[in-house]
Q: 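Take this structure first; my questions come after.
In this text, all values refer to a predicted model and were calculated from it rather than measured experimentally.
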Amino acid sequence: MKVDLAITGLFVGGAEKNLVRLACGLADDHGDEVRVLSLQPFPTQSGRTLLLDRLRSSGIDVSSANLAGLRNFLQSRRLIRDWCSLRRTDVCQTFLHHANWIVPSFSIAAGAQVSVGGMRVAEDRWMRNWLEGRSLRECDAVVAVSSAVAQFTNEYLSIPSSRIETIHNSIELPEAIGQESGQPAEKSWDPKSIGWPPDSIISLFVGRMHPQKAIDDLLKAVESRLPRKEQRLLLVGEGPLEGEVDRQIAMLNDRWQQNLIHRLPWQSDVMSIMKSCDMVVLPSRYEGMPNVIMEAMSLGLAVLSSDVEGSLELLGNDTEQVFPVGDVDALSNKWNAILEDSGLRQRLGRRNRQTVANNFTVPRMVSSYRSLYQRLLGRADH
């Protein structure tokens with residue numbers, strides 16, 4: 001098959017990682033002819049080109065429309081149109097809002113046999129949903145990454161349920177943190193690098209410093225919990241709220257006269273940090289299928305997530321690791337229960353690892369996309 005994949009950008013994120021896994025799986029394992037289009041300019045900073053490098057190492061044609069905002073919007077639209085017209089593709093699959101909004105009409109006009117949209121998150125923004133829904137209704141199908149996102153797509157974007165396909169995200173299964181052997185895997189990140197003792201019990205948050213992630217709820221919950229024994233909270237990420245987050249962290253550390261909370265900027269290899277932590281916490285207000293939770297599960301870690309879209313599907317309706325969105329008391333209580341019981345952490349970690357191994361592998365995801373494409377192409381032939 002000739003498959004075109006289009007996404008807003010190729011910076012390292014959950015949707016972007018899964019596009020690259022899909023592209024490489026189609027090209028490397030099935031011999032499909034895959035092209036990838038990034039609407040935004042390619043990342044150039046050291047460590048941030050990992051996804052771009054992986055695509056190129058698989059021999060996949062990667063292009064950029066250099067969309068950098070309204071100032072060059074018309075020029076970028078021409079580049080997108082020209083890219084779509086370079087070949088008559090079998091399937092054009094889009095990921096994320098901007099690609100969903102802009103690419104399908106050009107791809108269809110260029111003669112793509114099948115056009116498929118991709119819904120990755122359930123974000124209730126009226127104008128965005130109206131624009132995206134208007135474009136996606138031209139597509140032959142829309143892939144949602146969770147059942148909750150599928151329901152959102154039907155209700156808020158007015159896409160018929162019959163045209164929505166749920167295909168979960170995936171992850172490569174890395175080395176577990178000693179859950180089977182009883183011995184810890186090698187850890188490349190050292191808590192001593194930020195002044196923490198090696199026996200620290202570390203909870204990890206990874207994500208944008210953005211209102212979506214409810215870091216204010218996280219810090220309210222930790223304020224009621226710390227200081228306790230060797231427990232620490234590490235945040236990894238950047239974003240518009242990072243200044244305010246840093247001020248709150250400094251205030252709490254000053255109050256306790258201890259360095260118990262720390263934020264690191266974006267890291268190119270967050271999995272090495274995750275291996276050195278004891279659990280992952282995600283208090284988001286909305287998601288689609290949280291990639292950071294899947295990554296933690298793949299390493300055999302316990303997690304604690306708000307019951308946002310996709311979390312219960314990932315965790316198999318395991319309510320021990322989920323709390324209601326915005327419920328700081330429930331977050332604090334469940335967090336405490338997991339951190340205070342090492343046996344519970346190990347049991348949850350083993351269960352999480354097995355869940356990922358059974359249900360969220362890359363070959364399974366690639367096969368699901370490919371089966372959808374073949375089914376739609378067969379329908380198009382008739």
Side-chain angles (χ1 to χ4, degrees), residues 7-18 20 40 43-51 96 120-121 123 169 171 188-191 193-196 200 202-223 226 231-253 259-299 301 303-306 308-311 314 325-326 328 331 335:
I7 193 166
T8 302
L10 283 172
F11 294 90
V12 180
E16 294 82 359
K17 289 177 182 177
N18 279 280
V20 171
Q40 294 176 341
T44 56
Q45 290 177 274
S46 176
R48 301 195 185 226
T49 64
L50 295 173
L51 300 181
L96 297 178
R120 319 292 303 182
V121 67
E123 184 178 3
N169 288 338
I171 190 167
S188 57
W189 182 79
D190 190 348
S193 65
I194 57 173
W196 285 354
S200 296
I202 303 173
S203 300
L204 174 67
F205 165 88
V206 180
R208 293 182 301 153
M209 301 292 114
H210 184 278
Q212 173 197 356
K213 301 298 183 179
I215 303 166
D216 51 337
D217 286 349
L218 184 69
L219 293 178
K220 286 175 187 174
V222 80
E223 186 174 4
L226 294 176
Q231 295 176 15
R232 304 288 193 276
L233 172 62
L234 178 64
L235 293 85
V236 177
E238 300 171 345
L241 294 182
E242 62 186 59
E244 177 58 28
V245 169
D246 288 345
R247 283 190 289 273
Q248 292 182 56
I249 290 173
M251 179 190 69
L252 291 170
N253 284 336
N259 177 25
L260 300 182
I261 312 176
H262 190 89
R263 183 182 72 86
L264 292 172
W266 179 87
Q267 303 291 306
S268 61
D269 184 14
V270 76
M271 295 289 274
S272 66
I273 296 176
M274 203 174 278
K275 284 183 179 181
S276 297
C277 296
D278 296 275
M279 67 177 295
V280 167
V281 185
L282 183 73
S284 295
R285 295 187 169 95
Y286 60 89
E287 290 283 349
M289 174 161 274
N291 203 65
V292 67
I293 295 298
M294 187 181 293
E295 290 174 340
M297 292 172 68
S298 75
L299 286 171
L301 284 175
V303 303
L304 184 58
S305 173
S306 54
V308 284
E309 297 79 7
S311 61
L314 271 174
V325 173
V328 176
L331 164 57
W335 195 355

Q: How far does CD1 of Ile293 sit from CG of Leu282, to the nearest 0.5 angstrom?
A: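 Spacing of CD1 (Ile293) from CG (Leu282) equals 5.0 Å.
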Q: Answer yes or no: is there a side-chain heavy-atom contact under 4.5 Å between Gln248 and Glu244?
A: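 Contact flag for Gln248/Glu244 side chains = yes.
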Q: I'd like to know whether Val12 forms a side-chain contact (heavy atoms from CB on, under 4.5 Å) with Val270, so could you lay out the CA-CA distance, the side-chain angles of the two residues, the decisive distance to 0.1 Å, and finally the verdict.
A: CA-CA 11 Å; Val12 180; Val270 76; over 6 Å; no
Q: Please report the interatomic distance CG(Leu10) to CZ(Arg48), rounded to the nearest 0.5 Å.
A: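 Answer rounded to 0.5 Å: 14.0 Å.
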Q: So Leu50 and Ser268, do their side chains get closer than 4.5 Å, heavy atoms only?
A: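 Yes - at least one pair of side-chain heavy atoms lies under 4.5 Å apart.
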Q: When rounded to the nearest 0.5 angstrom, what distance separates CE in Met271 from OG in Ser298?
A: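 The distance works out to 4.0 Å.
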Q: Quick one: closest heavy-atom pair of Glu309 and Pro290, and the distance?
A: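 Smallest heavy-atom distance, with atoms named: O-CD, 3.7 Å.
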Q: Does the side-chain contact (heavy atoms from CB on, under 4.5 Å) test come out yes or no for Met289 and Met294, once each step is laid out?
A: CA-CA 8 Å; Met289 174 161 274; Met294 187 181 293; 4.1 Å; yes
Q: What salt bridge (charged side-chain N to carboxylate O under 4.0 Å, His left out) pairs are there with at least one residue in residues 7-17, not counting sequence neighbours?
A: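 Sorted pair list: Lys17-Glu295.
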Q: Which pair of heavy atoms, one from Ser306 and one from Val325, lies closest together, and at what distance?
A: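 It is CB-CG2, 4.0 Å.
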Q: Check whether any side-chain heavy atom of Arg263 sits under 4.5 Å from a side-chain heavy atom of Glu238, and report yes or no.
A: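 Result yes, sub-4.5 Å side-chain heavy-atom pair found.
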Q: So, for Trp196 and Leu260, which heavy atoms are closest and what is the spacing to 0.1 Å?
A: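 It is CZ2-O, 3.7 Å.
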Q: How many angstroms lie between atom NE2 of His210 and atom CD of Glu242, to the nearest 0.5 angstrom?
A: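 Between His210 NE2 and Glu242 CD, I get 13.0 Å after rounding to 0.5 Å.
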Q: I would like to know whether Leu301 and Leu204 meet side-chain contact (heavy atoms from CB on, under 4.5 Å); could you show each step before the answer?
A: CA-CA 11 Å; Leu301 284 175; Leu204 174 67; over 6 Å; no
Q: Measuring from Leu234:CG to Ser203:OG, what's the distance to the nearest 0.5 Å?
A: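 Rounded to the nearest 0.5 Å, the CG-OG separation comes to 9.5 Å.
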Q: Testing the basics here: between Val303 and Met297, what is the closest heavy-atom pair and its distance to 0.1 Å?
A: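 Taking every non-hydrogen atom into account, CG1-CG, 4.4 Å.
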Q: Within a strict 4.5 Å, meaning less than it, do heavy atoms of the Val206 and Ile273 side chains meet?
A: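 Contact flag for Val206/Ile273 side chains = no.
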Q: Got a second to check how far Phe205's CZ is from Cys277's SG, nearest 0.5 Å?
A: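 Phe205 atom CZ to Cys277 atom SG measures 13.0 Å (nearest 0.5 Å).
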Q: Are Val308 and Ser305 close enough that some pair of their side-chain heavy atoms sits under 4.5 Å apart?
A: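 Yes; the side chains approach each other to less than 4.5 Å.
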Q: Provide the closest heavy-atom pair for Arg208 versus Lys213 in the form atom of the first, atom of the second, distance.
A: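 Nearest heavy atoms, Arg208 then Lys213: O-CG, 3.2 Å.
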Q: Less than 4.5 Å apart, side chain to side chain, heavy atoms only: is that true for Arg120 and Asn169?
A: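 Counting from C-beta outward, Arg120 and Asn169 do come under 4.5 Å.
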Q: For residues Ser276 and Ile202, report the shortest heavy-atom separation together with the two atoms involved.
A: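 Closest approach of Ser276 to Ile202, heavy atoms only: O-CD1, 4.0 Å.
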Q: Do NZ/NE/NH1/NH2 and the carboxylate oxygens of Glu223 and Lys220 come within less than 4.0 Å?
A: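 No, no charged N to carboxylate O under 4.0 Å.
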Q: So, are Arg285 and Asp216 salt-bridged, with charged N and O less than 4.0 Å apart?
A: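 A salt bridge links Arg285 with Asp216.
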Q: Kindly indicate, with the supporting measurements, whether the criterion side-chain contact (heavy atoms from CB on, under 4.5 Å) is fulfilled by Leu235 and Leu218.
A: CA-CA 10 Å; Leu235 293 85; Leu218 184 69; 4.2 Å; yes
Q: Of Val222, Asp246, Val245, which meets side-chain contact (heavy atoms from CB on, under 4.5 Å) against Ile261?
A: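 Option passing the side-chain contact (heavy atoms from CB on, under 4.5 Å) with Ile261: Val222.
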Q: Can you find a heavy atom in the side chain of Leu331 that is under 4.5 Å from one in the side chain of Val281?
A: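 Touching, per the 4.5 Å side-chain cut-off.
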